[in-house]
Amino acid sequence: MTEAALFEAFGGVRGMVETVVPGLLFVTIFTINKDLHVSAIAALAVSLVLGAVRLIRKDTVKHAFSGVFGVAFGVVFAMMTGNAKDFYLPGMLYTLGLALAYMITTVAGVPLIGLILGPVFKENLSWRTRNPGRKKAYAKASWAWGLILFAKCAILFPLYWWADTAQLGWILIALKIPPFLLAVYLTWVFLAKAPPPIDVFAEMEAKEQAEKEAEERRRGEREVLDGVADDLYQGMASEVAAEAAADAADEPPRRARHRR
């Protein structure tokens with residue numbers, strides 16, 4: 001595992017762009033003309049375009065769609081309340097919920113980062129019972145993500161009450177990428193020192209191959225045994241036929257001697 005591979009597992013540069021651009025467009029337009037409707041529609045439109053590009057290119061749409069839904073919730077909420085700052089509130093609440101999820105799942109013994117990265121590294125949940133060193137690394141990484149996101153929320157929520165829409169928007173944009181990169185880097189540090197993942201997919205393939213080979217061996221053995229049984233049956237049948245023929249040949253003389 002390399003740092004670049006881990007970074008790509010979380011969406012890479014393109015994922016960051018798709019996360020940042022709609023909010024950046026919203027705060028830029030709102031800073032210029034203070035028009036909530038234009039800013040919200042522009043942000044939603046660009047997020048839809050990014051999602052459509054993913055679909056056309058048949059790429060993974062997870063990050064683009066998460067951005068579309070996040071922007072859509074923000075637009076709906078801001079339109080309902082008439083407060084432009086509410087455009088950011090659903091995303092802030094999501095960040096807080098995610099921070100708590102990282103910490104709670106770690107306390108519960110099932111760190112969320114392991115659930116996310118397990119399938120990526122083809123180990124699924126094998127780290128829970130078969131790879132304690134890796135489970136410990138996932139726990140550290142989950143604590144890192146949880147605390148970093150919680151610290152981000154500790155900055156943003158007071159600003160939601162005290163700052164104006166433009167100030168909150170620009171600070172939120174500034175806090176998009178650096179905490180994410182720090183969390184990814186710490187995750188790489190912890191996992192780089194951990195034991196390698198157990199490739200459960202390779203194990204399943206090897207098991208299936210072994211079962212297939214065993215079945216082929218059993219089939220071959222059955223064919224050999226069937227051949228031996230056929231040979232024995234034919235031999236016994238030949239002997240029985242020969243004895244019957246011999247008995248038939250000896251029967252007339254015995255009858256003749258009996259008459260005499």
Side-chain angles (χ1 to χ4, degrees), residues 1-81 84-99 101-102 112-113 115-122 124 141 145 148-149 152-153 156 165-166 168-185 187-188 201:
M1 184 194 65
T2 63
E3 189 175 359
L6 183 62
F7 179 64
E8 287 299 322
F10 284 102
V13 174
R14 188 173 180 181
M16 287 194 305
V17 169
E18 291 170 342
T19 302
V20 171
V21 167
L24 179 61
L25 186 61
F26 177 89
V27 69
T28 301
I29 295 175
F30 190 84
T31 301
I32 294 171
N33 61 15
K34 307 298 182 183
D35 190 320
L36 169 60
H37 292 80
V38 174
S39 303
I41 292 172
L44 183 58
V46 75
S47 65
L48 289 171
V49 169
L50 293 172
V53 171
R54 287 266 189 179
L55 286 174
I56 293 171
R57 298 184 58 178
K58 297 181 179 180
D59 293 334
T60 303
V61 297
K62 176 179 64 176
H63 301 287
F65 276 177
S66 63
V68 170
F69 287 125
V71 172
F73 278 120
V75 168
V76 170
F77 202 62
M79 293 291 189
M80 289 176 60
T81 63
K85 283 196 291 186
D86 288 339
F87 173 79
Y88 305 112
L89 189 57
M92 293 165 58
L93 292 173
Y94 172 77
T95 301
L96 178 60
L98 192 58
Y102 275 117
L112 181 58
I113 201 71
L115 300 178
I116 295 172
L117 294 180
V120 174
F121 296 122
K122 299 180 180 180
N124 284 350
W145 279 89
I148 289 170
L149 293 179
K152 180 179 175 180
C153 291
L156 293 177
T165 302
L168 176 62
W170 287 112
I171 293 174
L172 194 148
I173 293 298
L175 291 177
K176 277 279 187 181
I177 296 179
F180 169 78
L181 293 179
L182 176 60
V184 172
Y185 174 73
T187 301
W188 174 75
F201 294 103

- Query: How far does CG of Leu50 sit from OG1 of Thr19, to the nearest 0.5 angstrom?
  - Reply: 9.5 Å
- Please name all residues satisfying ring pair (Phe, Tyr, Trp, His ring centres under 6.0 Å) with Phe87, sequence neighbours left out, ordered by chain then number. Phe26
- Message: I need the minimum non-hydrogen distance between Thr165 and Tyr88, along with the two atoms involved.
- Response: O-CE1, 3.9 Å
Using residues 36-43 as the side-chain source, report each donor-acceptor pair under 3.5 Å to any protein atom, sequence neighbours left out, with the distance given to one decimal.
| unit_1 | atom_1 | unit_2 | atom_2 | d |
| --- | --- | --- | --- | --- |
| Ser39 | OG | Phe30 | N | 3.2 |
| Ser39 | OG | Asp35 | O | 2.8 |

- Would you mind reporting whether Pro178 and Leu181 have side-chain heavy atoms less than 4.5 Å apart? no
- Note on the structure: So CE of Met92 and CG of Leu168: to nearest 0.5 Å the spacing works out to 5.5 Å
- Message: Can you list everything that forms a side chain to side chain donor-acceptor pair (under 3.5 Å) with Asp86? Sequence neighbours excluded, please.
- Response: Thr81, Tyr160
- Message: Within the 4.5 Å heavy-atom criterion, are Met80 and Val76 side-chain neighbours or not?
- Response: yes
- Query: In chain order, what residues pass the side-chain contact (heavy atoms from CB on, under 4.5 Å) check against Ile173, with sequence neighbours excluded?
  - Reply: Val20, Leu24, Val27
- Item | Stepwise side chain to side chain contact (heavy atoms under 4.5 Å, CB included) test for Phe180 and Trp145 | CA-CA 8 Å; Phe180 169 78; Trp145 279 89; 3.8 Å; yes
- Query: What residue pairs, at least two apart or across chains, pass side chain to side chain donor-acceptor pair (under 3.5 Å) with a residue in residues 25-34?
  - Reply: Thr31-Trp170
- Message: Val17: which residues meet the side-chain contact (heavy atoms from CB on, under 4.5 Å) condition with it, sequence neighbours left out?
- Response: Val13, Val21
- Message: Taking side-chain contact (heavy atoms from CB on, under 4.5 Å) as the definition, give me every residue that meets it alongside Ile171, ordered by chain and number, with sequence neighbours left out.
- Response: Leu156, Leu159, Leu175
- Closest heavy-atom pair, Tyr102 versus Ile116, reported as atoms and distance to 0.1 Å, is OH-CD1, 3.7 Å
- Item | Pro22 versus Val46, closest heavy-atom pair with distance | CA-CG1, 3.8 Å
- From Leu115 atom CG to Asn124 atom CG, the distance as rounded to the nearest 0.5 Å: 10.5 Å
